[in-house]
Structures are given as structure tokens and as C-alpha cells.
Q: 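Take this structure first; my questions come after.
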Number of protein chains: 2
Amino acid sequence: MPTDLKQLSARLGLSATTVSRALNGYDDVSAKTRERVEQMARELGYQPNRTARRLARGRADAVGLVYPLDAGDLGDPRFLEVIEGLSDRLEADDMDLLLASARERTELRTYQRLISGGRVDGVIVARTRVVDERIDYLQRVGVPLVAYGRTAQPDGFAWFDFDNEAGMVLAVQQMVALGHRRIGYLHAPLSLCFAAQRQAGFQRAMQAAGLAVDPALVVEGGLSHRTGHAAAQRLLAGPTRPSALIVDNNLCGMGAVRALLDAGVAIGRELSVIVYDGVPDDVLRAGMRIAAIGQPTAYRAGETMAEMLLALMRGEPLPDRHRLLQPVFEPGNSIGPPAAG
Amino acid sequence: MPTDLKQLSARLGLSATTVSRALNGYDDVSAKTRERVEQMARELGYQPNRTARRLARGRADAVGLVYPLDAGDLGDPRFLEVIEGLSDRLEADDMDLLLASARERTELRTYQRLISGGRVDGVIVARTRVVDERIDYLQRVGVPLVAYGRTAQPDGFAWFDFDNEAGMVLAVQQMVALGHRRIGYLHAPLSLCFAAQRQAGFQRAMQAAGLAVDPALVVEGGLSHRTGHAAAQRLLAGPTRPSALIVDNNLCGMGAVRALLDAGVAIGRELSVIVYDGVPDDVLRAGMRIAAIGQPTAYRAGETMAEMLLALMRGEPLPDRHRLLQPVFEPGNSIGPPAAG
DNA sequence: TTGAAAGCGCTAACAC
DNA sequence: GTGTTAGCGCTTTCAA
């Protein structure tokens, strides 16, 4: 049995109240008493019982993270960095991080379980969708939330996101500057918000460049190696090959690059490639570096979201409820001018 | 405010006691009463407050998973599957999964926080070490635990593991059967239990085959792409190249394979390669499949460990406290007879 | 079969 | 400054 507050206060000849206050940093405790209390607490290795504290305070001191397995997030190393940043920052405030898995179909119910059971008092919503019932639900019940990504109506809640549209514009501009006109586009399901935004950027930049978007060159590539691989093959099999290809996510990008290599396509000469979020160098052919649209470290994203959520849970006003980070273009040797002809 | 037990019982004209019992499946409640209670609970969307229940029952209804960031687990897709299996199974028993990150140096303290604060009542210990103070600590304080991997003294606690030694013996036997005699070995830090076991298998199988282990061909390759890459380069630069190479983990294996490809080594002809746990096909050159020692799905491993831990926490005797799964050899075209000369 | 009462370990009004 | 008292919302003896 670990020492409890009663024992501790008995040993000190003080009331539990005083001890509690001393330990929780209230200022109506004499310096001397606090000193003694802290000393003794250390000596006995006293750790307040979390559950009791939670019940008394009416807070769960925990935040929930539901990861939709179907979405393939688990395979995304960037998302893992996000988790890392999240949990590190939460831990600093002595908050627990509850991880719940969910198939997309049961996801909402998972949130409900977490919320109405009082297991968490704040939530991180990952992989936002253009229309997102999870966020609607959380807002309706008034649970503090920070979304990792926006939705179609992004004003009512706090979020952290990268400027996906601007990022994709960068990608198109690179290709256009090199002289490409037939630009192919491989994208994740457009119900995902980031995919919709990136596609909007694609359309906008193409139009701005006076280029037509050839529907035959726009392919849904899913959100995994496998689907990306298959989609790239479909694209290659089409009547007119593009001279440039932009892939809107790294998972599918990896599969696509693989497919191109398999098909013997000379990346960067026959076909220029940019992958949003990039492809790790070490999975590629020697010396190859895929040009990318890069995002500032995912770890920081996690930290920042934790920070925002903590403030919300404390009821503090958030200086900026919306953080939109600008992606940057990261050069590579996977792009070049279109092949003659 | 969600409905609480008091409101629910008031609505029913029953005491909280009875309602609680009805809902928790006690048998001293009349069928009719139970019926009514369940009906009304559903109607009001009653969800018992977890914190209160926890305090009353003296259990946390949660298990902790501390992942050592330094170890590179986060990058290991297999470990993520394990988490998936774990959380799915725990959820079925209405248990929370607490995720805590930790640098190796602060790891023990993280466990202490979880335990003595009563945040969890059971723990999964990942990446066991040959001498593992975490397990010593947990046993000392009597917390139910299931280890993912063994230690040097594996008898006192429940664990789930693959037969690493046997797996590595398989790998060596394959190489030997093909006629290899100069077999190189790239391994993770030997303080990690799986690495030590696999190395033991390597030594044993080499000896059994009457082959000497050339110290120059045994290189520590770490537990990441980067270190594996570097280690393979070191090996290639050595005075006598091996004709076969075995890598004891997938992370480092990926980097090593990359390094070989970069160096223009004809894998499977100039140099045969087996990677423990395998390298995903889609990161390789077209048509290449790295021979591997494979382990039954990691998802099942997670599920099984959850199952074991749940039983332990319920105080049930565990039919088999130790689960040792046999790995299998998975063929590929990365191996062949040694090149002539 | 049901209810009253006590208590899980802590925090927070309120009084001294 | 410190102590008294009353909960937080549930479970669980113990009586009825």
C-alpha cells in the first residue's frame, strides 16, 4: 500500500487539508509548514491518488486520441512523431494520454465512450474530414478539442494545420517553371480535408498557369503504399502519359515511386515527380532524392496541439485558435524539364 | 451534465444500490427490476462515471504502455500493429490504454509515476533488456505485467515472445545449406534481449555447422535505418567480404539493404541476405524479395498480451504464463549459392 | 429482493 | 495559517 494523505498528515500532526494545500502550492500555508510537508512527503514517497483527486476535482486529467485505423495513420511515421510531441507535452502537465483505436464506422461511438464516461476532458481529432461529424459531436457536447486539420467550416473550433492549398500551389509552380504542361495528380480520398485542400491548390495553380487539368491524369491513389502503387500503374497504362506527376501524400507517394521504378521509368527525366510530405531517402535507389513539399517537424505539431488543448481545458482564452503553418518546397533530383517530344 | 446514478434511480423510484447492482449484473435483482433499469438507463443514455467507479472499486481500469523512444520502436511498423492488437482487446474489456513516452534514462521514473499514482493497474513492458530493472521494479511492487520479450531470468513473470534463438538458427541453416561459409552478422545492441537471443542462435548454428565466426564480419548495426546503413558500409569496406549477410532486425535491415543496393552489390548473387522480420517489398528494387525470418502477425501478439494481462489483473491463474512462438523462414530471391571464387 | 449507510482518497467551502 | 465538514459518484457491506 502506498502512503496516503491521511497517513502523511497523521505523521506530521497536521490536518489532511493543510497537507493537501501545502502540496498543491496554495499560498495560505506558512513557509515552514510547507517545508516540513514537502520533506516528509518525499521521505515517505507520497504520491496522491490520481483517481481520488480526479473525482474530487471533477476532472479526468487526461486527453483522448482516437486514431482511425482504416485511414492508415498508423503506417505514417509523421503521425507517430505527432503522438510523441503530444505525449511529451501532456506529461509535463501531468496529463494522461489515452489511446483508443477505432474503425471508421465505430469512431464516433468511441468518442462518446470516452466523453460521457468522463474518461477524458479534452480530445485531439486527427485526420479531419471535409464534413466531420466527430467535431460536430464534440462541439455539441462542449468538449475542448483541437483538430489536426480543418474542415469545411473551420471557424468554430481550434485547429492546427498546414496550409495544404498553398503547399500544393508550390508544387505545381515548380513543375510549371520547368516547362511541364501535362501534369498528373495522384490523391487521397477527397473526403479527407487535407486532400480536398491540396486538390483545390492543384486546380487553382493549374488554372493560374493557364493549363487544363486532364481528367485522365487525375487518379485517386488512396492512402497507402499498395493503393499508391496500383494507382501509378493505372496512370502509366493510360493513353497519354504525363510528363510530371504530383502525389498528394507520402504513403501513396512511396508506392507510386516504387511503381515507377518497377516500370523502368527514369524519374526526373522521363517523368518528374513531387511527393507531398516526401519519401524517405533510404527506401529509394541510390542517390535519388524525391522533391517534396515539406512540413515543419511533426513533433512540434504535436507539442503545439497539446499546448493549445491544455489552455482550452484550463478555460484560458487561446491567443490564436488557428495555427496555419506554411509548407516549403524541398528540392530533389526527381524533377527536371520535360523530355523532348 | 450527463445523467448520474442518482438521477437514474430517482426516475425509477429505486435506490442507487439496486440500480447499480442491476447494471452490474448481480444476481440478487429481480428480472423485472433489471429489465426496467436497463431500459431506463438506455433511454437516458446513462454512463457510469468511470472515475467514481474506479475510486470505489480501487482499480484504475487502465493499463500502461511505456514506449522507449530512443529504442526506435516508434519507427517499427510491427510494433504499431502490436499496439493496435493491444488496444482493441483492452477496449473489449472496457480498459483504457495509457500511452507514455520516455527516454531510456527516465523510463523507470515514468513507470513509477504510473504505478504509485494508481493510474494503471497493469503494465506492458516492451523491448525487454537482458537485465531489466523495469521488470525488477514492477515485480517488487507487485504490479501485474506482461513483457513483450524475455530477460536473462525469464521465469518470474509472464511474457510473450518469439523464439529468437531458433529463428536465427533457421537463418544460418539456410545460408549454410546454400554453401555459405563466410557469413556476416549485423545486430542490434546486445543489451536488448531479442538481440542477445538471436546472437546466441547465430553462434550456436555456426558452431553446429562447423563454421568459425569471424569477428571482423560481426558488426553492431543499431536499431534504425541510418545505423544499419552505416554498419553495412563498414562491413563492405572490410578486408574480406562475406558471401552472406544476416541482419537481426528489420529497421537496421532496411538500411543495410539500401546500402548494398547503393554500393551496386548484386543481392542474391554476390551477397546473400536474410533479414530477421523482413523488409517490405515495396521499398525495394522491382521484383526483389528479401528472404526473411518471419513472425506470426504482430496484431495477434498484442491481442494475446492483452488477454494475458487481463487475466493477471483479475487475479486469475494464467494457464501458460509464457508464450513462445516459433518464427518461420520466408523465402525470397535475396539468397543463393555463394559466387564462385 | 431491496435499501441505508459507510467509505474509496482527495479537494474545497467555510469557519476559526 | 490551519482545521472542520461536506462532498465528488460510485460500490459494497450489512440489515431489513
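These numbers were taken from a predicted model, which means no experiment stands behind them.
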Q: For A/Arg54, which of A/Asp121, A/Asp96, A/Asn49 qualifies under side chain to side chain donor-acceptor pair (under 3.5 Å)?
A: A/Asp96
Q: What's the closest nucleotide to the side chain of A/Leu14 if the choices are D/dC10, D/dG3, C/dT2?
A: D/dG3
Q: Select base, sugar-phosphate, or nothing to describe what A/Thr51 touches, counting heavy atoms under 4.0 Å on all strands.
A: nothing
Q: Counting just side-chain N and O atoms, does B/Tyr26 come under 4.0 Å of either OP1 or OP2 of D/dT11?
A: no
Q: Which nucleotide in the set D/dT5, C/dG9, D/dG9 lies at the smallest distance from any side-chain heavy atom of A/Thr17?
A: D/dT5
Q: Any side-chain N or O of A/Thr18 below 4.0 angstrom from OP1/OP2 of D/dT2?
A: no
Q: C/dC14 P sits how many Å from A/Arg21 CZ, rounded?
A: 14 Å
Q: Can you see if the side chain of A/Ser20 gets near the phosphate of C/dT11 - specifically, an N or O under 4.0 Å from OP1 or OP2?
A: yes
Q: Can you see if the side chain of A/Thr33 gets near the phosphate of D/dT2 - specifically, an N or O under 4.0 Å from OP1 or OP2?
A: yes
Q: Select base, sugar-phosphate, or nothing to describe what B/Arg50 touches, counting heavy atoms under 4.0 Å on all strands.
A: nothing
Q: Nearest nucleotide by nearest heavy atom, which residue falls closer to the 5' end of DNA chain C, B/Ser15 or A/Arg59?
A: B/Ser15
Q: B/Leu108 and B/Arg134: which non-hydrogen atoms are nearest, and at how many Å?
A: CD1-CA, 3.8 Å
Q: So, A/Arg50 and A/Asp94, do they make that salt bridge, N to O below 4.0 Å?
A: yes
Q: So, does A/Asn24 get its side chain near the phosphate of C/dT11, meaning an N or O under 4.0 Å from OP1 or OP2?
A: yes
Q: By the 4.0 Å heavy-atom rule, please label B/Ser30 as base, sugar-phosphate, or nothing.
A: sugar-phosphate
Q: Under the side chain to side chain donor-acceptor pair (under 3.5 Å) rule, what do A/Tyr46 and A/Asp4 come out as? Steps first, then yes or no, please.
A: CA-CA 7 Å; A/Tyr46 169 72; A/Asp4 67 2; over 6 Å; no
Q: Check the distance between D/dT2's C1' and A/Arg36's CZ and give it to me in whole angstrom.
A: 12 Å
Q: Could you state the atom-to-atom distance from CG of A/Leu55 to P of C/dC10 in whole Å?
A: 12 Å
Q: Report the distance from atom CG of A/Asp61 to atom C1' of C/dC10, rounded to the nearest whole Å.
A: 12 Å
Q: Taking side chain as C-beta onward, heavy atoms only, is A/Arg127 less than 4.5 Å from A/Phe194?
A: yes
Q: Taking CG from B/Leu12 and C1' from C/dT2, how many angstroms apart are they, rounded to a whole number?
A: 14 Å
Q: Below the 4.0 Å mark, does C/dG9 have OP1 or OP2 next to a side-chain nitrogen or oxygen of A/Tyr46?
A: no
Q: Within the 4.0 Å heavy-atom criterion, would you say A/Arg54 contacts the bases, only the backbone, or no part of the nucleic acid?
A: nothing
Q: Could you tell me how far apart A/Arg34 (CZ) and D/dT2 (C1') are, to the nearest whole angstrom?
A: 13 Å
Q: Rounded to whole angstroms, how far apart are CG on A/Leu5 and C1' on C/dG9?
A: 7 Å
Q: Have a look at A/Asp28 and say if it touches a base, only the backbone sugar-phosphate, or nothing, with a 4.0 Å heavy-atom cut-off.
A: base
Q: What verdict does the side-chain contact (heavy atoms from CB on, under 4.5 Å) test give for B/Leu138 and B/Tyr111, after you've listed the backbone C-alpha separation in whole Å, the side-chain angles of each residue and the deciding distance to 0.1 Å?
A: CA-CA 8 Å; B/Leu138 292 168; B/Tyr111 278 98; 4.2 Å; yes
Q: How long is the line joining NZ of A/Lys6 and C1' of C/dG9, in whole Å?
A: 9 Å
